[in-house]
Amino acid sequence: GPWQVLLNELNKRVCTEDTALLARHELRATRQGGRTIDQFAAVLKDLAQRAYPNADQAGIREEQILTAFLAGLNEKLRLQVIRQKPENFEKARQAAITEETLLKLEEEEESTKLHQAISQLSEKVNALGLAQTRQPRNWERERTRSPGRYPPRGQFRRFNSKNRERKWNFMDWRNRE
């Protein structure tokens, strides 16, 4: 009706060809990223409206938004939605929402299994920790100095706490005072 004619005329004056070209480029380049399906679809609808503002371009707009939607979906979703061969943008959006919900459920299930495995592993580690509190076996004990043997080399260094007051070093026996 007359309202649509008025809108089309206003769009012709406000939306220049440059802004439409820019919007078309953005439409093709937009990716879902971290957005939900509904957020991504809203962004694409806005870009498609700016890219193809006239009512006589509605068929082109629908085709381009479907192409941009399928191309911009995250890869796991894209493959699932394309397999369903959606006829239009709205069917593609509904299929993507369904697939997104299924993927979230799978991730939650995997997360639950992972938490269970971690708790089982923690219990086993705790049980091992309790077993380690026993007395060390003979070969696990610290070695003590045997009579008649020299102490380890570090005890003869000049600045060792035991030898500090003597100011001599076993390796440098000529400097005895």
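The residues of the chain are indexed from 1 along the displayed sequence.
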* Other hydrophobic cluster members with L114, side-chain heavy atoms of Ile/Leu/Val/Met/Phe/Trp/Tyr under 4.5 Å, chained? ->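 I118, listed by chain and number.
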Using every non-hydrogen atom in the two residues, find where [X] and [Y] come nearest and quote the distance to one decimal.
{"X": "A41", "Y": "F69", "value": "CB-CE1, 4.5 Å"}
{"X": "R31", "Y": "F40", "value": "C-CE1, 3.5 Å"}
{"X": "Q64", "Y": "L27", "value": "CB-CD2, 4.1 Å"}
{"X": "A23", "Y": "L47", "value": "CB-O, 3.9 Å"}
{"X": "G33", "Y": "N74", "value": "O-ND2, 3.2 Å"}

Mind checking whether [X] and [Y] sit in one hydrophobic cluster, side chains of I, L, V, M, F, W, Y counted as touching below 4.5 Å?
{"X": "L102", "Y": "V81", "answer": "no"}
{"X": "L103", "Y": "L79", "answer": "no"}
{"X": "L22", "Y": "Y52", "answer": "no"}
{"X": "F89", "Y": "I60", "answer": "yes"}

* **Salt bridge present between K104 and E108 (N-O < 4.0 angstrom)** =>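 No.
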* Charged N-O contact under 4.0 Å between R93 and E90 -> yes
[X] side chain near [Y] side chain, heavy-atom distance below 4.5 Å:
{"X": "T19", "Y": "R50", "value": "no"}
{"X": "N88", "Y": "L66", "value": "no"}
{"X": "L77", "Y": "Q32", "value": "yes"}

* Find the distance between CD (Q49) and CG (D46) and round it off to the nearest 0.5 Å. => 8.0 Å
* side chain to side chain donor-acceptor pair (under 3.5 Å) involving K91 - partner list, sequence neighbours excluded -> E87
* Asked: Looking at Q84, K76, Q94, which hits side chain to side chain donor-acceptor pair (under 3.5 Å) with E99?
  -> Q84
* Walk me through it: do Q116 and T112 pass the test side-chain contact (heavy atoms from CB on, under 4.5 Å)? => CA-CA 6 Å; Q116 289 173 347; T112 303; 4.1 Å; yes
* Does T101 use its side chain to pair, donor to acceptor, with the backbone of I97 at less than 3.5 Å? -> yes
